[in-house]
Amino acid sequence: MTHFNHPTPPNTENRDPAARKDFLREKVSEDAASGRFGRPIHTRFPPEPNGFLHIGHAKSICLNFGIARQFAGKCNLRFDDTNPTTEDVRYVEAIRNDIRWLGFAWGEERFASDYFERLYGIAEELVRSGKAYVDSQSEEAIREGRGTVTVPGTPSPFRDRPVEENLDFLRRMRAGEFADGAHVLRARIDMAHPNMLMRDPLLLRIRHAAHYRRGTAWCIYPLYDFAHGLSDAFEGITHSLCTLEFKDNRELYDWLVREAGFDRPPEQTEFARLELDYTVLSKRKLLRLVTEGLVTGWDDPRMPTIAGLRRRGVTPEAIRAFADTIGVARSEARIELATFEHAVRDDLNMRVPRVMAVTRPLKLVLTNYPADRVEMLDAPLYPHDVPKTGSRPVPFSRELWIERDDFMEEPPKKFFRLAPGREVRLRYGYLVTCTEVRKNQAGEIIEIHATYDPATRGGDAPDGRRVQGTIHWVSAAHALDCELRLYDRLCAVPDPDALPEGQDFVSALNPSSLITVRGAKVEPSVAADPAGSRYQFERTGYFISDPADSRAGALVFNRTVALRDSWAKVKDR
RNA sequence: UGGCCCUUCGUCCAAUGGCAGGACAGCGGACUUUGGAUCCGUUAAUGGAGGUUCGAAUCCUCCAGGGCCAACCA
């Protein structure tokens, strides 16, 4: 049968995974190849300075800056600062700082508030061409006149105001003659349009409020739709990437740049915003957490903000790797926390030194070890499978702290740690055998006695006998006291945005999102390290000395993420 | 009485009319001085019904489910 016309199957094996194309890159790639815009690829990241950036913004940043870099173009940082009542220069500074920290550099720094004059000029043009009018209805009347998604709107009684009258009102609006809400400028499009955004959208509103950059120079401020697309056009943006909920706005975006006469205007393309399990990614909700004191600030390590993740110990590399692995598409995507945590561990595993710290100390006394002896053991900073070198001295003595969880009087099956009569390895130290359990009046275990095998220094038995368990420890006489902040998921439910009707997301916060442990013990090698140093506390998790609160003599460590714990799974069965 | 968008393993992303593949998670094993890491193996999906076609995840129709739009927020 020769009439079957089999096309050559696509060659999948020599495709470079790093160059794999998502639908955005595919589009940009085509446009770059066709020279469609007649200018280099130009994207922009347009935050409103009314809050801190979060991991969802990081996805957008990686996309916008990443695409610009990949196609030898530029990415502007533009502050979309058109609402004087919510914005602040403090946020501008935080946003700049976070983007730099993430590892990106912007082409030009722009402010929508620098375009007020130019936008006003376009407003007058629209009025002159009959494409805009001043509406003097109340806010309520405008809302009612818009209709609903299923019923068409009705025209404002001011819709057919003569051009000269419109111009006069517009100029007087700008001059500050009217109170807030007295008039607005609206585009004249179609009050029965199936797209609600096209039902004579508002362009300019009166706000007698000081703007953090423009002061009181203006009392009329553009709305998002009026400012955004035109700002893109002013800057020569080619690809305006935004999230799915702006899909309907695109029609208005296109209308405005066309009416303003732009040749080869930017094109908006939407992608799915990031949703992450067990947290919230809405600026409104994050702001509430901050203002209501539910967290310590925008940089609280429980926050999904860039600043919070940074303080938590997450690296920019991990965030970028995460953005790469989740990809980008047009379907709403909720990412499991495990995906994020994998990116964090995967990065930290290869870069941070190992040290030993005991979270909940239990005294271990080696009864056959001389009371006055201290040995300095040489312990590698990295395990055999991490291609880094270096070691630190770790003091060993008769009295040690071990982890309370590493001893069980009546161990279940598969518990490999210390128990009466059981031998374990003290990491980098000796093999020890438990000989006695001491308890207080209340029956609580207060001290474990054991003997050590002097022939096993370093942890290997010359007779070749194997022990199942290795536990970490610190010398009691040399241990440094420290505070451990054990962070966990912000929310108690996977999707705090989908709570039953009327239930506040605050009620879904995880009460154990922070457990502060005082009296933890860490080995002395970390004493002089600067705040912000990262470690793996062996067998426990990745930690960072708190950049704000940790100091010599009062060490504070934030848990970035716990180590994977397969024992926990066994235990739960 | 609307418009638009989305639907592929548990989760995320590919497959662009031609063998449904990768990552994370899970499970099993090897290795291990971290119950970590690493390595090997493995479970697991095209929402449903029609249609077009030699051939459909892909194109068409209908249905179902989910999302966005009725702020002088962005």
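Note on naming: letters A, B, ... go to the chains in the order of the sequence lines (proteins, then strands), and numbering restarts at 1 for each one. Just so it is clear, the model here is predicted, and its values are computed rather than measured. What's counted below: heavy atoms across the whole structure, side chains too, no hydrogens, waters or symmetry copies.
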Practice task
Could you check how far CZ of A:F271 sits from P of B:C12, rounded to whole Å?
Solution key: 17 Å

Handout entry: Residue-phosphate contact under 4.0 Å: A:S331 side-chain N/O, B:C13 OP1/OP2
Key = yes

Exercise for the section: Could you state the atom-to-atom distance from CG of A:D497 to C1' of B:G67 in whole Å? Expected result: 13 Å

Practice task
Would you give the length of the straight line joining atom CZ of A:F322 to atom NE2 of A:H342, rounded to the nearest 0.5 angstrom?
Solution key: 12.5 Å

Exercise for the section: State whether a side-chain donor-acceptor pair under 3.5 Å links A:S240 with A:R44. Expected result: yes

Handout entry: Gap between atoms CZ and P, on A:F23 and B:A14 respectively (whole Å)
Key = 8 Å

Practice task
Please report, rounded to the nearest Å, how far the P atom of B:A25 is from the CD atom of A:E336.
Solution key: 9 Å

Problem - A:N195 and A:E251: side chain donor to acceptor below 3.5 Å - result: yes

Practice task
Look at the side chain of A:E538 and the base of B:G36, then say whether one donor and one acceptor between them are separated by less than 3.5 Å.
Solution key: no

Handout entry: Closest-nucleotide ordering on RNA chain B, the 5'-leading residue of A:N349 and A:A272
Key = A:A272

Problem - Gap between atoms CZ and P, on A:R345 and B:A37 respectively (whole Å) - result: 7 Å

Exercise for the section: Give one of base, sugar-phosphate or nothing for A:R466, where a contact means two heavy atoms less than 4.0 Å apart. Expected result: sugar-phosphate

Exercise for the section: Spell out protein contact along nucleotides 68-74 of chain B as letters: B when the base is contacted, S when just the sugar-phosphate is, - when no protein heavy atom is under 4.0 Å; keep the 5' to 3' order. Expected result: BBBSBSB

Exercise for the section: Determine whether A:R489 and A:L337 make a side-chain contact, defined as any pair of heavy atoms from C-beta on separated by less than 4.5 Å. Expected result: yes

Handout entry: Distance, C1' atom - from B:C9 to B:G26, rounded to whole angstrom
Key = 12 Å

Fill in the blank from the handout: Partner of B:U7 under the Watson-Crick or G-U wobble criteria, both distances under 3.5 Å, comes out as B:A64

Problem - Identified pairing partner of B:U32, criterion: Watson-Crick or G-U wobble below 3.5 Å - result: none

Exercise for the section: Answer with base, sugar-phosphate or nothing: what part of the nucleic acid does A:R330 contact at a heavy-atom distance below 4.0 Å? Expected result: sugar-phosphate

Problem - Donor on one side chain, acceptor on other, A:Y115 and A:R110, under 3.5 Å - result: yes

Practice task
For A:V386, answer base if it contacts any base atom (sugar-phosphate contacts may also be present), sugar-phosphate if it contacts only those atoms, and nothing otherwise; contact means non-hydrogen atoms under 4.0 Å.
Solution key: nothing

Practice task
Using distance alone, with no hydrogens and no angle criterion, decide if A:Y428 and A:D378 have a side-chain donor and acceptor under 3.5 Å apart.
Solution key: no

Practice task
For nucleotides B:U11 and B:G3, find the distance between their C1' atoms and express it as a whole number of Å.
Solution key: 31 Å

Problem - Cationic N near anionic O, under 4.0 Å, A:E48 to A:K283 - result: no

Practice task
Please evaluate the base of B:U34 for a donor-acceptor partner in the side chain of A:Q536 within a cut-off of under 3.5 Å?
Solution key: yes

Exercise for the section: May I ask you to verify if any side-chain N or O of A:K21 is less than 4.0 angstrom from the OP1 or OP2 atom of B:A14? Expected result: no

Exercise for the section: Could you check which nucleotide pairs with B:C73 in any of the strands shown, counting Watson-Crick or G-U wobble with both distances under 3.5 Å? Expected result: none

Exercise for the section: Mind checking A:K414 for me? I need base, sugar-phosphate or nothing, with any heavy atom below 4.0 Å counting as a touch. Expected result: base

Handout entry: Watson-Crick or G-U counterpart of B:G41, or none if no pair lies under 3.5 Å
Key = B:C27

Problem - Separation between the P atoms of B:A71 and B:A23, rounded to whole Å - result: 46 Å

Practice task
Check the side chains of A:R161 and A:S136 for a donor-acceptor pair under 3.5 angstrom, ignoring hydrogens and angles.
Solution key: yes

Practice task
Taking atom C1' in both B:A37 and B:U7, compute the distance separating them and give it to the nearest angstrom.
Solution key: 37 Å

Practice task
Side chain of A:R354 only, please: which of B:U16, B:U34, B:A25 is the nearest?
Solution key: B:U34

Practice task
Report which part of the nucleic acid A:F537 touches: base, sugar-phosphate, or nothing (heavy-atom distance under 4.0 Å, all strands).
Solution key: nothing

Handout entry: Side chains of A:Y278 and A:E336, donor plus acceptor under 3.5 Å
Key = no

Completion exercise
Expected label for B:A57 (glycosidic angle, syn inside 90° of 0, else anti) would be anti

Handout entry: Separation of B:U38 C1' from A:Y382 OH (nearest whole Å)
Key = 18 Å

Handout entry: Aromatic ring proximity A:F169/A:Y133, centre distance under 6.0 Å
Key = no

Exercise for the section: Establish, with yes or no, whether the OP1 or OP2 oxygen of B:A37 is under 4.0 angstrom from a side-chain nitrogen or oxygen of A:R564. Expected result: yes

Fill in the blank from the handout: By nearest-nucleotide position on RNA chain B, the 5'-leaning member of A:T150 and A:H384 is A:T150

Handout entry: Rounded distance in Å between the P positions of B:G48 and B:C39
Key = 36 Å

Exercise for the section: Quote, to the nearest angstrom, the P distance that separates B:U58 from B:A74. Expected result: 41 Å

Exercise for the section: Check every atom of B:G36, B:C12, B:C13 against the side chain of A:P383 and return the nucleotide holding the closest atom. Expected result: B:G36

Problem - Touch class at under 4.0 angstrom, heavy-atom based, for A:E270 against every strand present - result: nothing

Problem - A:Q268-A:H228 side chain donor-acceptor pair, cut-off 3.5 Å - result: no

Practice task
May I ask you to say what A:R334 touches in the nucleic acid, namely base, sugar-phosphate or nothing, with a heavy-atom cut-off under 4.0 Å?
Solution key: sugar-phosphate

Exercise for the section: May I ask you to say what A:R427 touches in the nucleic acid, namely base, sugar-phosphate or nothing, with a heavy-atom cut-off under 4.0 Å? Expected result: base

Exercise for the section: Look through every strand shown and name the nucleotide pairing with B:C54 as Watson-Crick or G-U wobble, where both distances are under 3.5 Å. Expected result: B:G18

Problem - B:A44 versus B:A20 - spacing of their C1' atoms, nearest Å - result: 13 Å

Handout entry: Contact under 4.0 Å: A:H472 side-chain N or O vs B:U34 OP1/OP2
Key = no

Completion exercise
Here the distance between atom C1' of B:G35 and atom CE of A:M408, to the nearest Å, is 14 Å

Handout entry: Protein-nucleotide distance (A:F543, atom CZ; B:G36, atom C1'), rounded to Å
Key = 14 Å

Exercise for the section: Determine the interatomic distance between C1' on B:G18 and the same-named atom on B:G2; round to the nearest Å. Expected result: 41 Å

